[in-house]
Amino acid sequence: MFSATLQGRTRRDVLRLATAGAFAPSLSGWMKVLASHTAGPETKGKHKSCVLLWLDGGPSHKDTFDLKPDSKGAGEFKPIATSASGIEISEHLPKLAKLMHHGAIVRGMNTPEGAHGRAKYYAHTGYREGQGGVVYPSLGSIAASEIGRPDASVPNFVAIGGRSYGSGFLGPKHQPLLVQTPDRGVEDLKALVSEKQFEKRVGLLKEMESAFHREQKTDLVVEHKTNYDRAVKLMQSKEAKAFDLSLEPSANRSKYGSGAFSDGVLMARRLVEVGVPFVEVSLGGWDTHDNNFDRVKSLSGRLDSPAAALIEDLKDRGLLDSTLVIIMGEFGRTPHINTRGAKPGRDHFPRAWSLAMFGGGIKGGRVVGKTDKEGSEVVEGKTTAQDFLATVCELIGIDHTKKNEANGRPIQIVDKPKPFTKLLT
Amino acid sequence: MRSLRHLQFAAFALISGFVVTGASAQPPNKAKQQIRKQLMEAQKKADAQKKRDEDRKKAEQLKIELGKKETGTKPEPFTPKRIGDPVAVAAVIDREIDAKLKADSITAGERSTDAEFLRRAYLDLTGIIPTAAKARQFLDDRSPNKREKLIDELLASSNFGKHASDIWMGLLVTRTSDQRRISFDPLREWLASQFNENKPWNQIASDLIAAEGTQEKNPAVTYYLSNNTVDKMTDSVSKLFLGVSIQCAQCHDHKFEDWKQSEYWSLAQFFMRVQVGGLQQNGTPSIEEVKNPNRRRIPLPEDAKAMPVRYLRDSTPVSLPDDGAIRPTLAKWVTKPTNPYFAKAMVNRVWSQLFGTGLVNPVDDMGPNAIASHPELMKALAANFAADQFDLKNLVRAIVLSNAYQRSGKPTGGEGDDDPQRFARMAVKVMTPEQLYDSTFSLVGSAINPQARARMAANLPKGPLADPRERFVNFFLAGQEMANTTEYEVGIPQALKLMNSRQLGNPAAVRKLIGSKSGKDAIEELYLATLSRRPTEEEMKSMTAYVSSAPTAMEGYGDVLWALLNCSEYTLVR
């Protein structure tokens, strides 16, 4: 007798398949049909990657990528010319300025969330937190699920130095591998015992598993075994060496500068080289309500060297066209300066802000969108997080109109976007 | 409206030059500008008024619709009916399940071995594996009713409440960005004590639904501190206590169930007075009900606020006090013995926790179109639960005493293996992160020396993740809100942690476990401690051979323990 309530699957699927004429009497028949609907993506064309340099806290756009020297709250920084004619950025990002011909700046970002948590969630997922009772996947998890190789020995989404946002309803298989301290590599990647003893242990484990599987024959055993195989494979793989920064020639390593963020950006390059499709590296401290100029100057220095080194290294290795580098935070900062604290600051400002993109096949030296004299209103090219994420998807080969399933509901990867890819390619 | 017409005419007249603005000394352009500005402002006002009128009309229309016809299928009337004591209830469970198996000519699997039952009961009822000593004691016990005795012992253990609390914390509390500053421990502890004292489920539910006051005085308010907007409250209460998923109807009529948006917002009215306070730094977290609460951040649409208050699919008139708390009225309706949803929701949930699958699936989507695998059994169990004062320990006892629960997890080789809702054999489950932590740390935790422990504690971040158990659980949840016990869903980082983490791989642990034992005794001790069973002859041969060929016996035993902790039999609940 056929039960209309399939374990774990949904009635929506049942109705859809039933009307498609896929009605089969036995339950195992259903499972096969449903499984074929969730088959993985076909990878076509060249493999692309994305490195997201996440500036946590909301970097001031008027002091980084959208300077307004004639405005009321112009601030202390001067704009400098870049390698792209007509584009000027902050004097404290000189190395990136020399690479502007590979990049584009989006100055028309206009988003609705002004609180950190909600804004970060929205920027990472393209959805508002709590919308429709679903937990949405972040861009990294989407990339892992859409353009990642399911059999890759290194996880397809690596997040360095920050919390990042997870896979939501896409499930645990697309969760990011978190690397807290890049200098130390991946937690628990090295065995506790000698290589020889570890091999013996793995052999013993395999023996136990095969006996148990013969007796128990459940899928859960197979999945457990597969997961362990992947973990052991990672431990023994040469791709895992990407996590070992001590293997990088020191002359090259010094180009990135020192500190956790520099290490993280270097690790990102090494991961892209072994085929990881999405790496996110976090640099915190941009929430400059107080002492905006000293802090942004210092942070700009910490951003400039490694970001530039990354772009140059990718170019040298022929990877820049296939790797999109994004530099962004969750919102910008007020065009006017507050004098509440001891030193002048700027507060949250999502109504108009900027982000930068390099590589990924974009035609560099472009500006998309424009703000007014004060940098407080977007007068041309209003861009939401959805528009931006859809553009990123198109650049790295993800079909953002595809619908994934969350508790039986179809959820489009990006909701109703207006991508501006044409302006970049 | 009239003033707008006025201005339009004046503008037309002026622009067309038919009127001379006599008294004013302004040049005609300035006057035009002024009138244009006034015109635009008046238009704006008129538009806003029009929208408000439209919203009001819509709300009125919905009110009329709701009052006029019955929307959707009403649930069957529900009457509590006692079956008897847990033994009698267990007999009914078996009668219904076996009857259906027979009718479909499906063979039931064999009874579980003592070892299978021992580990399963420990994990399902108390969330932790038995010690080697307890395992040995049970396996060697010759009394015919040892399983019944074990069940009684486990239900009386304080770990029963701790385990139930772990499950309910995962259901009641959601982890979004604005609750980093409140502690969830008060709720966790309160729940554990309620379950241990076996408070009737309708009382616990009522305390949660109507919780009011400061978190310090009433830990149950933590439920609303976590679900702190009207829509979250409505979604959660209907899912957890009524067993129905109506959250889709928040924005539109449900696509394939027949929940209407109007019903959703009528139920939501019960939460319209809830005021959440003290979530900021140094605040006193609290919940109270006031006539016009301060609604942070997400204001509600006009027509949502204007809906008449209604119980779900129940046209009994709702009478609410003009001032003060209105959730107690909802709590009363939800937890009354004749409520058609309440008893069924809990019975189905408890059943699915023990069997790995509910009589209705998904567990909390028991809407009008849901079909139970065993409808008569569902009805009987729910009716008995309601008549039995919603006694949870009795419900658990009845299920665990049944033959159906005590079936082996081994495949039968027949058709029953394909459909878990036949209950022809017990489903194999995966340990939850809490079970994994508690079990594993009972084995290796004591081996960590106090200095190392202090060093670890100093390096941990502050806040909720400072607790090692909380960190471990979070890590093994791998981003999910709640553990799924029927699917293996962890990834590479979790496997790496179990294989290579210093805390779990402490060599002193194996020494502590085997004490002064050696050879076969040591191997047996390791198997009893981890898998709650003795090794088979073949396993014993293979393990002793391995240990003899190791550089030192301790190293050999260490390898065996490592393999036991990482094998799937360890993380699975058979």
Side-chain angles (χ1 to χ4, degrees), chain A residues 1 3-8 10-12 15 26-28 115-118 121 129-130 132-133 135 155 166-168 171-173 175 177-178 186-192 197 200-201 204-205 207-209 211-213 215-221 223-225 227-228 230-232 234-235 409, chain B residues 104 176-178 229 232 235 247-248 250-251 255-256 297 357 360-362 369-371 373 409-411 418-421 428 430 478-481 486-497 499-502 505 538-539 542 546 550 555 559-560 562-564 566-569 571-572 574:
Chain A
M1 203 202 97
S3 160
T5 58
L6 294 167
Q7 167 69 15
T10 66
R11 290 190 287 281
R12 197 186 280 261
L15 293 170
S26 88
L27 196 64
S28 54
H116 289 296
R118 295 189 60 89
Y121 187 97
E129 195 169 12
V135 183
S167 52
K173 284 192 175 61
Q175 279 288 96
L177 175 66
L178 297 175
V186 171
E187 212 183 329
D188 302 324
L189 189 61
K190 285 202 177 62
L192 290 167
Q197 190 182 353
K200 278 174 55 193
R201 285 184 163 188
L204 192 61
L205 178 60
E207 204 188 300
M208 268 187 202
E209 291 291 72
F212 185 64
H213 185 232
E215 186 201 292
Q216 201 59 43
K217 287 205 226 353
T218 158
D219 282 346
L220 295 175
V221 180
E223 287 173 38
H224 177 103
K225 184 178 172 311
N227 193 44
Y228 265 79
R230 284 187 75 193
V232 172
L234 175 64
M235 287 170 70
R409 287 167 61 191
Chain B
D104 298 331
T176 50
S177 58
D178 57 0
T229 56
K232 280 194 207 144
D235 292 348
Q247 67 272 18
C248 298
Q250 185 186 328
C251 306
K255 293 301 178 191
F256 45 91
R297 207 173 290 134
T357 179
V360 178
N361 287 308
N369 291 337
I371 302 175
S373 59
K410 275 204 271 284
D418 290 336
D419 183 1
Q421 278 187 303
V428 177
V430 185
Q480 298 171 276
E481 269 302 319
T486 52
E487 282 183 39
Y488 185 82
E489 287 190 324
V490 292
I492 290 176
Q494 288 73 26
L496 288 176
K497 183 164 281 290
M499 284 196 291
N500 303 325
S501 145
R502 206 159 292 278
E538 210 181 297
E539 286 169 337
S542 161
Y546 183 92
E555 190 184 300
D559 290 351
V560 172
W562 183 91
L564 286 168
N566 283 284
C567 76
S568 45
E569 188 179 340
T571 43
L572 296 181
R574 293 195 290 158

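By convention in this document, chain letters (A, B, ...) are assigned in the order of the sequence lines, proteins followed by strands, and residues within each chain are numbered from 1.
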Where do B:Glu569 and A:Met208 land on the side chain to side chain contact (heavy atoms under 4.5 Å, CB included) test, with the steps shown first?
CA-CA 9 Å; B:Glu569 188 179 340; A:Met208 268 187 202; over 6 Å; no

Trace of the side chain to side chain contact (heavy atoms under 4.5 Å, CB included) decision for B:Asn566 with A:Arg201
CA-CA 10 Å; B:Asn566 283 284; A:Arg201 285 184 163 188; over 6 Å; no

query = Between B:Glu539 and A:Glu207, does a side chain to side chain contact (heavy atoms under 4.5 Å, CB included) hold up when you go through it step by step?
reply = CA-CA 10 Å; B:Glu539 286 169 337; A:Glu207 204 188 300; over 6 Å; no

Might you work through the side chain to side chain contact (heavy atoms under 4.5 Å, CB included) test for B:Arg502 and A:Leu192, ending with a clear yes or no? CA-CA 7 Å; B:Arg502 206 159 292 278; A:Leu192 290 167; 4.1 Å; yes

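The CD atom of B:Glu555 sits 3.5 Å away from the CD atom of A:Gln197 when rounded to the nearest 0.5 Å. Rounding to the nearest 0.5 angstrom, the gap separating the CZ atom in A:Arg230 from the CG atom in B:Leu496 is 11.0 Å. Summarising the geometry, atom CG belonging to A:Leu205 is positioned 9.5 Å from atom CG belonging to B:Leu564; distances are rounded to the nearest 0.5 Å.
Checking side-chain atoms of A:Glu209 against main-chain N and O of B:Ser568 turns up a donor-acceptor pair under 3.5 Å. A:Glu187 places no side-chain N or O within 3.5 Å of a backbone atom of B:Ser501 that could act as its donor or acceptor partner.
Options A:Leu220, A:Leu189, A:Val186, A:Leu178 differ in how many heavy-atom pairs under 4.5 Å they form with chain B, and the most are formed by A:Leu220. In terms of heavy-atom pairs under 4.5 Å with chain B, the best-connected choice from A:Lys200, A:His213, A:His116 is A:Lys200.
A:Val221 places a side-chain heavy atom less than 4.5 Å from the side chain of B:Leu572.
For the pair A:Ala191 and B:Asn500, the tightest heavy-atom approach, listed with the atom from each and the gap, is CA-OD1, 3.5 Å.
Atom NZ of A:Lys190 sits in a sparse spot, with 12 or fewer heavy atoms from other residues, nucleotides or ligands closer than 6.0 Å.
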